[in-house]
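Index from 1, following the sequence.
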Amino acid sequence: MSKKDEESPRVSASPNPPPLPVAFISSRQESTFAARKSTVRKYCCTPTATKNTWDCLFDEGYRADVSINTDNGGVFYAHASILGVNSAVFKSMLSLKQSRAHGRCGQRSISINGVPPEAVQVFIRFLYSSRYEEEKMKEHGLSLLVLSHAYAVTHLKRECEWQMEQRLTTENVVDIFQLALLCDASRLSLVCHRFMMKNLKPISATEGWKAMKQSHPVLEKQMLKSIIDEDIREKERVRKKNERKMYMQLYEAMEALVHICKDGCRTIGPHDKVLKEDQEPCHYAACKGLESLIRHFAGCKLRVPGGCIHCKRMWQVLELHSRLCANSDVCKVPLCRSFKQKRRKQNKKDEMKWSILVRKIVRSKSISGAPFFSSEST
């Protein structure tokens with residue numbers, strides 16, 4: 001054995017320590033383990049005991065260095081560090097340059113007026129533990145929205161907005177709408193606006209609407225104007241929807257016409273094709289109407305375009321097909337090639353009308369994902 005081996009201590013491999021008993025694992029460790037295992041939740045919830053501690057700190061006012069004065073002589077004690085961390089407005093107010101110490105050593109004072117003292121208490125308590133009682137939110141929701149906006153407490157403001165949205169009624173929506181505008185609560189004001197538009201008649205008879213009409217007549221006019229504008233937009237949407245439906249029906253009618261002239265349908269088809277009695281049901285909805293129209297067109301004695309309204313419609317169907325047809329040389333629809341040659345003699349005004357109609361028909365079908373009209377070329 002070398003000298004070096006004699007001088008170096010001998011280290012034996014030691015076994016891994018056993019796991020800690022379950023009783024010794026703290027709640028914080030448990031939450032950490034759960035957060036690591038979870039792939040959905042990326043945050044850790046604050047334990048209830050911690051929130052209770054923060055509530056106790058506010059209720060007891062232990063070593064509080066700020067006094068908050070409210071209406072009717074109410075006073076609450078709080079901690080400047082907690083107020084400043086949660087609100088930039090409080091931080092500015094409580095800075096040494098802008099606040100005056102008075103009373104006992106290090107004590108500073110601020111005043112929150114214009115809202116019920118109980119609302120101030122709920123507001124300050126929320127800054128400590130981010131908790132509130134449901135009944136208190138129902139009672140002081142509007143005041144808490146004002147306070148959260150005035151002191152820039154965004155997480156409370158979002159909560160107040162959500163709570164107000166759930167409690168909208170025809171009686172309170174006007175007041176909440178006006179307050180949302182003053183507090184720059186854009187989502188809440190939008191929800192109130194939509195609610196008022198849907199329930200304008202009962203809302204216009206409430207005291208809140210009458211008060212708004214007297215105090216803010218411009219707001220009432222804007223509200224009525226927005227309702228009129230929305231009604232116009234709704235009518236325009238319905239018109240475009242019906243228009244697109246008509247264009248899609250015309251497209252399907254063109255497909256059905258090619259189907260009849262190429263393959264035959266029911267009891268009508270090309271002269272060189274034998275129709276089977278047991279053929280499969282047709283999936284073109286327009287075939288039935290086209291079948292009766294073609295039969296009338298074939299037997300009508302007034303077949304000129306201006307002589308019969310049904311024949312005139314058939315002429316229009318054939319001309320529309322020719323404008324959509326990709327290859328008239330192999331197309332089996334009657335008069336397809338003749339209409340293409342006739343187009344050269346039409347005036348520009350008629351040609352423009354047909355071009356616009358064709359473009360809208362093809363566009364309405366292509367937007368929905370269907371291919372362009374090309375069945376007639378096969």
With the threshold set at 4.0 Å, does a side-chain nitrogen-carboxylate oxygen contact exist between [X] and [Y]?
| X | Y | result |
| --- | --- | --- |
| K240 | E243 | no |
| R237 | E230 | yes |
| R323 | E319 | yes |

Hey, what do you get for [atom1] ([X]) to [atom2] ([Y]), rounding to the nearest 0.5 Å?
| X | Y | atom1 | atom2 | answer |
| --- | --- | --- | --- | --- |
| L290 | R313 | CG | CZ | 10.5 Å |
| F297 | L318 | CZ | CG | 6.0 Å |
| I110 | M93 | CD1 | CE | 4.5 Å |
| L250 | Q316 | CG | CD | 10.0 Å |
| I176 | C183 | CD1 | SG | 11.5 Å |
| Y77 | S67 | OH | OG | 6.0 Å |

Restricting to side-chain hydrogen bond (donor to acceptor under 3.5 Å, both in side chains), what partner residues turn up for [X], sequence neighbours left out?
| X | result |
| --- | --- |
| E236 | R239 |
| H310 | none |
| N86 | none |

Kindly assign one of parallel, tilted or perpendicular to the pair W315 and F339, based on the angle between their ring planes and the thresholds 30° and 60°.
-> perpendicular
Could you see if [X] belongs to whatever hydrophobic cluster contains [Y]? Use Ile, Leu, Val, Met, Phe, Trp, Tyr and a side-chain cutoff under 4.5 Å.
| X | Y | value |
| --- | --- | --- |
| L179 | M137 | no |
| F177 | L224 | yes |
| L168 | L190 | no |
| M314 | W354 | yes |
| V120 | L142 | no |

Given R167 and E134, is the salt bridge (Lys or Arg N to Asp or Glu O under 4.0 Å) satisfied, shown in steps?
-> CA-CA 12 Å; R167 299 188 178 95; E134 195 72 20; 2.8 Å; yes
[X] side chain to [Y] backbone, donor-acceptor under 3.5 Å:
| X | Y | value |
| --- | --- | --- |
| S92 | V89 | no |
| S87 | G84 | no |
| T53 | A49 | yes |

Any non-hydrogen side-chain atom of [X] less than 4.5 Å from a side-chain atom of [Y]?
| X | Y | value |
| --- | --- | --- |
| V122 | L144 | yes |
| S148 | H155 | no |
| C331 | R337 | no |
| I124 | F76 | no |
| M164 | C192 | no |
| M254 | V317 | yes |
| F123 | V153 | yes |

Quick one about [Y] and [X] (side-chain donor to acceptor, distance below 3.5 Å, no hydrogens or angles considered), yes or no?
| X | Y | answer |
| --- | --- | --- |
| Y132 | Q163 | yes |
| N172 | T169 | yes |
| S109 | N69 | yes |
| H79 | Y62 | no |

Enumerate, atom names and distances included, each donor-acceptor pair closer than 3.5 Å involving a side-chain atom of residues 208-222, sequence neighbours excluded.
residue : atom : partner : partner atom : Å
S215    : OG   : A211    : O            : 2.8
H216    : ND1  : Q178    : OE1          : 3.2

Could you walk me through whether I82 and W54 pass the side-chain contact (heavy atoms from CB on, under 4.5 Å) test, one step at a time?
-> CA-CA 10 Å; I82 295 178; W54 288 109; 3.5 Å; yes
[X] and [Y]: which non-hydrogen atoms are nearest, and at how many Å?
| X | Y | result |
| --- | --- | --- |
| P117 | D71 | CG-O, 3.4 Å |
| V115 | I112 | CG2-CG2, 4.2 Å |
| S226 | M197 | O-CE, 4.1 Å |
| S111 | Y151 | O-OH, 4.1 Å |
| C287 | H259 | SG-CD2, 3.5 Å |
| H149 | D184 | CE1-CB, 4.0 Å |

Would you sort out whether K157 and L145 count as a side-chain contact (heavy atoms from CB on, under 4.5 Å), showing the intermediate values?
-> CA-CA 6 Å; K157 184 177 180 180; L145 178 61; 4.0 Å; yes
Determine, stepwise, if the pair F126 / L156 fulfils side-chain contact (heavy atoms from CB on, under 4.5 Å).
-> CA-CA 8 Å; F126 185 88; L156 176 59; 3.4 Å; yes
Side chain to side chain contact (heavy atoms under 4.5 Å, CB included) with A80: which residues, sequence neighbours excluded?
-> D65, V66, L94, R108
With respect to K360, which candidate in V358, L357, V362, I356 satisfies the side-chain contact (heavy atoms from CB on, under 4.5 Å) definition?
-> I356
Quick one: list whatever passes salt bridge (charged side-chain N to carboxylate O under 4.0 Å, His left out) with D55, sequence neighbours left out.
-> R125, R131
Got a sec: does the CE of M352 have more than 12 other heavy atoms crowding it under 6.0 Å?
-> no
Within 6.0 angstrom of R194 CZ, more than 12 heavy atoms from elsewhere | no
List the steps and the verdict of side-chain contact (heavy atoms from CB on, under 4.5 Å) for R158 and R187.
-> CA-CA 9 Å; R158 288 194 297 266; R187 174 181 168 81; over 6 Å; no
